[in-house]
Amino acid sequence: MLDPTLLQTAWFAIIAFFFAGYFVLEGFDFGVQMNVAASWRRGSGARGTIVKTIGPVWDGNQVWVITGGALLFAAFPEWYATLFSGFYLALLLLLLVLIVRVCAFKWRDKVDSERWRTSWDVVHVIGGFAPALLWGVAFGNIVAGVAIDQNHWVTTSLLGLLNPFALLGGVVFVLLFWLHGTVYLTLKLEGPLREDMHRRAAVLVWPTIVAGAAFLLWFQLAHSRSGLTWIPLLLAALALVAVVPLTRMRREGLTFGATATAIIAAAVTLFGGLFPYVLPATNDQANSLTVVNASSTPHTLTLMLAALAVLLPIVLAYTIWTYRVFRHRIGEDSGPASGSPLMERARGAYRP
């Protein structure tokens with residue numbers, strides 16, 4: 001049997017890994033959907049092409065948060081239960097948005113009607129902005145802490161959760177994912193839409209740098225429990241600043257790597273500054289949840305670790321294979337934004 005403290009720390013790192021992976025992969029999905037709004041005037045065909053760039057991968061990206069949530073429930077059940085006691089309305093709203101978002105992907109092109117497609121494009125826009133904002137507000141409250149009673153129930157009101165730090169976190173998540181998705185589109189599109197995305201990325205990077213720096217510095221100075229998190233914070237800052245010259249040089253792959261690095265480094269900053277807590281109590285430190293008092297038994301954590309060692313390489317291999325198969329650019333057309341591989345092959349988007 002492994003040391004219990006080592007197991008608890010390892011599982012905290014694993015949870016952080018899955019959420020960081022989710023934010024990198026699903027983050028550009030959200031950003032792509034935000035660009036449906038930014039490209040509205042180009043018409044239904046352009047909006048459909050934008051959505052098509054994530055058609056083969058969005059559902060696989062979403063699996064990361066499902067897996068992360070399941071692992072959170074199994075490894076830290078007290079953390080999971082307390083989060084839902086205090087964030088119930090926000091998480092329910094997030095779940096509803098993600099469910100309706102699935103309908104937008106599946107149903108947008110099922111009816112040959114401009115009004116029908118436009119309606120689902122509105123859902124795509126909401127499905128991009130709303131989850132990013134909600135995730136940012138939620139993580140802002142998690143890392144800053146909330147009021148928790150002796151029974152580990154969150155007593156902070158809904159209005160209390162909408163505090164300036166958490167709202168800034170929501171803004172940062174929106175901007176960072178929007179920039180990430182825009183850069184992704186420069187890799188996937190051809191023609192005028194690609195040029196639009198280059199110009200948009202060059203504009204979006206500046207408010208993202210300002211808001212991101214304000215949020216991470218505020219967290220580091222007021223809420224972080226570790227001085228070591230200055231390292232990933234600076235890495236996140238450097239990665240975002242690097243987007244500026246890389247965009248001008250049109251180094252699209254390196255630019256996407258920079259935005260992905262910024263997201264990962266920001267996640268490491270937040271999770272690293274949170275440790276060893278998983279949900280700090282702002283009213284009474286004794287009520288805080290830590291990796292020790294919120295975790296499952298060592299036996300459970302050991303069995304889960306063995307299962308993860310077998311299954312994780314399979315998930316990673318499948319993810320890499322999917323992105324390799326659907327790596328090619330697509331041009332603007334008025335056809336379906338999602339469909340079978342044979343339909344996509346006919347339109348030139350599926351060329352393994």
To the nearest 0.5 Å, what is the distance between [atom1] on [X] and [atom2] on [Y]?
X	Y	atom1	atom2	result
Gln8	Asp3	CD	CG	8.5 Å
Phe28	Ile263	CZ	CD1	9.5 Å
Leu96	Arg101	CG	CZ	14.0 Å
Ser288	His152	OG	NE2	8.0 Å
Ile50	Ser39	CD1	OG	3.5 Å
Leu305	Ile14	CG	CD1	5.0 Å

Is the side chain of [X] donor-acceptor paired with the backbone N or O of [Y] at a distance under 3.5 Å, no angle test?
X	Y	answer
Thr259	Phe256	yes
Arg327	Arg324	yes
Asn287	Ala281	no
Trp11	Leu301	yes
His180	Val24	yes
Ser296	Ala74	yes

Mind telling me whether Trp116 and Trp120 have parallel, tilted or perpendicular rings, with 30° and 60° as the class edges?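 The arrangement is perpendicular - the two ring planes meet at more than 60°.
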
Taking the side chain as every heavy atom from C-beta outward, state whether [X] and [Y] have any pair of such atoms under 4.5 Å apart.
X	Y	result
Phe76	Val291	yes
Trp135	Val174	no
Val154	Leu83	no
Lys52	Ile330	yes
Val183	Leu179	yes
Val51	Val32	no
Leu289	Asn293	yes
Thr290	Pro280	no

Are [Y] and [X] co-members of a hydrophobic cluster defined by side-chain heavy atoms under 4.5 Å apart?
X	Y	value
Val111	Trp107	yes
Tyr80	Leu303	no
Leu216	Leu221	yes
Leu98	Val102	yes
Leu91	Ile66	yes

Candidate pair Thr247 and Val205, rule side-chain contact (heavy atoms from CB on, under 4.5 Å), full reasoning: CA-CA 9 Å; Thr247 301; Val205 66; 5.9 Å; no

I'd like to know if the side chain of [X] pairs up with that of [Y] as donor and acceptor (distance under 3.5 Å, no hydrogens or angles considered).
X	Y	result
Thr269	Thr229	no
Asn35	Thr182	yes
Asn163	Asn141	yes

Give me the one residue out of Ile148, Leu161, Asn283 that meets side chain to side chain contact (heavy atoms under 4.5 Å, CB included) with Thr156.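 It is Leu161; the other options fail the test.
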
Does [atom1] in [X] sit with more than 12 non-hydrogen atoms of other residues, nucleotides or ligands closer than 6.0 Å?
X	atom1	result
Tyr88	OH	no
Leu159	CG	no
Arg251	CZ	no
Asn151	CG	yes
Arg225	CZ	yes

Among Phe17, Phe139, Phe30, which residue satisfies the ring-ring contact (aromatic ring centres under 6.0 Å, His included) criterion with Phe23?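 The ring-ring contact (aromatic ring centres under 6.0 Å, His included) with Phe23 is passed solely by Phe139 among Phe17, Phe139, Phe30.
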
Apply the ring-ring contact (aromatic ring centres under 6.0 Å, His included) test between Trp64 and each candidate in Tyr22, Phe18, Phe19, Trp58; give the one that qualifies.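 That would be Phe18.
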
side-chain hydrogen bond (donor to acceptor under 3.5 Å, both in side chains), paired with Asp196, selected from Arg199, Arg200, Arg194: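 Of the listed options, the one satisfying the test is Arg199.
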
Check whether NZ of the Lys or CZ of the Arg Arg47 lies under 6.0 Å from the centre of the six-membered ring of Trp40 and within 45 degrees of that ring's axis.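 Judged by the rule, Arg47 and Trp40 form a cation-pi pair.
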
Under a 4.0 Å N-O cut-off, is there an ion pair linking Glu195 with Arg42?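 A salt bridge is absent here (no side-chain N lies under 4.0 Å from a carboxylate O).
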
Is it true that Arg329 and Glu252 have a side-chain N and a carboxylate O under 4.0 angstrom from each other?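 Between Glu252 and Arg329 there is a salt bridge, with a charged N closer than 4.0 Å to a carboxylate O.
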
Could you give me the CA-CA distance, side-chain angles and deciding distance for Glu26 and Val65, then say whether side-chain contact (heavy atoms from CB on, under 4.5 Å) is met? CA-CA 9 Å; Glu26 190 80 313; Val65 74; 5.9 Å; no

Yes or no on side-chain contact (heavy atoms from CB on, under 4.5 Å) for Phe275 and Thr9, after CA distance, side-chain angles and deciding distance? CA-CA 9 Å; Phe275 184 82; Thr9 302; 3.7 Å; yes

If every non-hydrogen atom of [X] is compared with every non-hydrogen atom of [Y], which pair is closest and at what distance?
X	Y	value
Val172	Ala211	CG2-O, 3.3 Å
Ala132	Phe177	CB-CD1, 3.7 Å
Ala104	His124	O-NE2, 3.5 Å
Val143	Gly140	CG2-O, 3.5 Å
Ser224	Gly273	OG-CA, 3.5 Å
Gln33	Gly128	CB-CA, 3.9 Å

Audit row: Arg108, Val123, side-chain contact (heavy atoms from CB on, under 4.5 Å) steps and yes/no: CA-CA 10 Å; Arg108 181 188 187 273; Val123 175; over 6 Å; no

Which donor-acceptor pairs under 3.5 Å do side chains of residues 308-320 form with protein atoms, sequence neighbours excluded?
unit_1 : atom_1 : unit_2 : atom_2 : d
Thr319 : OG1    : Val315 : O      : 2.9

